[in-house]
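Working notes, beginning with the structure itself.
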Amino acid sequence: MHSGHLRTPVALRAPLAATALAFTAHIAPAGTWLPGVRRTFLPALAGLGDPDHVALTFDDGPDPRSTPHYLDLLDRLSVRATFFVLGESLRRYPELGHDIVRRGHELAVHGWTHSRPWLPAPGRDLREISRAAEEVRRISGVRPQWYRPPYGILTGGRWAGALRCGLRPVLWSAWGRDWAADATPEGVLRTVRGQLHGVGDTILLHDADLSGEDRWRPALGMLPDLVSGLRAEALTVGPLADHGLAPARRPG
């Protein structure tokens, strides 16, 4: 019996190589999820803008159980923010989307659903991002500028889809881990403050909880202290539109 290395049949080598190449192109850009990578090599993707400004952003809404609480508090704090919304939620709650805009906030694209991109599907990515962007435009009356993928996983297909739709991908430089089951207002504030470096940071929080367990409350509870602390350092707090980042080029 002959022993030796098993060889891949010649007829299979090209399809396997093409599959491996497609998967690498799909997953390699997702390495930008690592904070050190994007801070060092892609500062705009990390949301680093005007050093005298901090961009306040929220993901996963709109949700009528939680988003109105954030809107009321932001009004009391005289702060405007950027809301990265899910297209399916915006379609379900259009009046809430209108209210976000009416109060002076900015709508941006978080995707159509909050899905994980396990396998390459650039056609699907483009369709879903385009659909969500059109829903944001329909509600806000203006074309959105920014895109942040669910979980911050910016695959090759999602990156290309965003650019095709005239959206600039923006992740974050500081987040509060406010979605964790054991999150508290004090802990979320401590986590955010520990990641701020005074270089024009972008903060990620959540105005909705997709688990249905009211995990949106800790971030709401820490916002007044966060905003007052930033203002005490002579920093302004506002949306990405005021953060000094150049928007993506419009397609065509």
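Keep in mind it's a predicted model, so treat the numbers as computed, not measured.
When side chains are defined from C-beta on, Arg80 does not count as touching Asp242, because their heavy atoms never get closer than 4.5 Å. In this structure, the side chains of Ile100 and Leu71 come closer than 4.5 Å at one or more pairs of heavy atoms. Between Val37 and Leu42, every side-chain heavy-atom pair lies at or beyond the 4.5 Å cut-off.
Each of Arg131, Arg137, Arg138 was checked for a salt bridge (Lys or Arg N to Asp or Glu O under 4.0 Å) with Glu134, and the lone residue meeting it is Arg137. Screening Leu204, Leu210, Asp209 for a side chain to side chain contact (heavy atoms under 4.5 Å, CB included) with His206, the sole residue that qualifies is Leu204.
Between Arg91 and Glu88 no salt bridge is recorded (no basic side-chain N to carboxylate O distance below 4.0 Å). Comment: Arg190 does not engage Asp225 in a salt bridge, judged by the lack of any side-chain N to carboxylate O separation of less than 4.0 angstrom. A salt bridge does not link Asp182 to Arg215: none of the charged nitrogens lies less than 4.0 Å from a carboxylate oxygen. For the pair Asp72 and Arg76, the salt-bridge criterion is not met [side-chain N within less than 4.0 Å of a carboxylate O].
Side chain of Ser140 to main chain of Glu106: no donor-acceptor pair is present (N/O by atom type, distance under 3.5 Å, no hydrogens or angles). Side chain of His98 to main chain of Ile139: a donor-acceptor pair is present (N/O by atom type, distance under 3.5 Å, no hydrogens or angles). Counting only distance, with no hydrogens or angles, the side chain of Thr202 and the backbone of Ser173 share no donor-acceptor pair below 3.5 Å. Side-chain atoms of Arg38 do not come within 3.5 Å of backbone N or O of Gly47 as any donor-acceptor pair. When atom types are taken as modelled, the side chain of Thr82 and the backbone of Leu240 share a donor-acceptor pair closer than 3.5 angstrom. Listed for the Tyr70 side chain is a donor-acceptor partner under 3.5 Å among the backbone atoms of Trp216.
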| task | Check step by step if salt bridge (charged side-chain N to carboxylate O under 4.0 Å, His left out) holds for Asp60 and Arg148. | result | CA-CA 10 Å; Asp60 293 358; Arg148 177 182 291 156; over 6 Å; no

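Ring planes of His110 and His114: perpendicular class, angle over 60° (limits at 30 and 60°). In this structure, Phe83 and His105 have perpendicular ring planes: the angle between them is above 60°, well past the 30° mark.
Trp146 and Leu48 are members of different hydrophobic clusters when ILVMFWY side chains are connected at heavy-atom separations under 4.5 Å.
The shortest heavy-atom contact between Gly152 and Leu171 is O-CD1, 3.9 Å.
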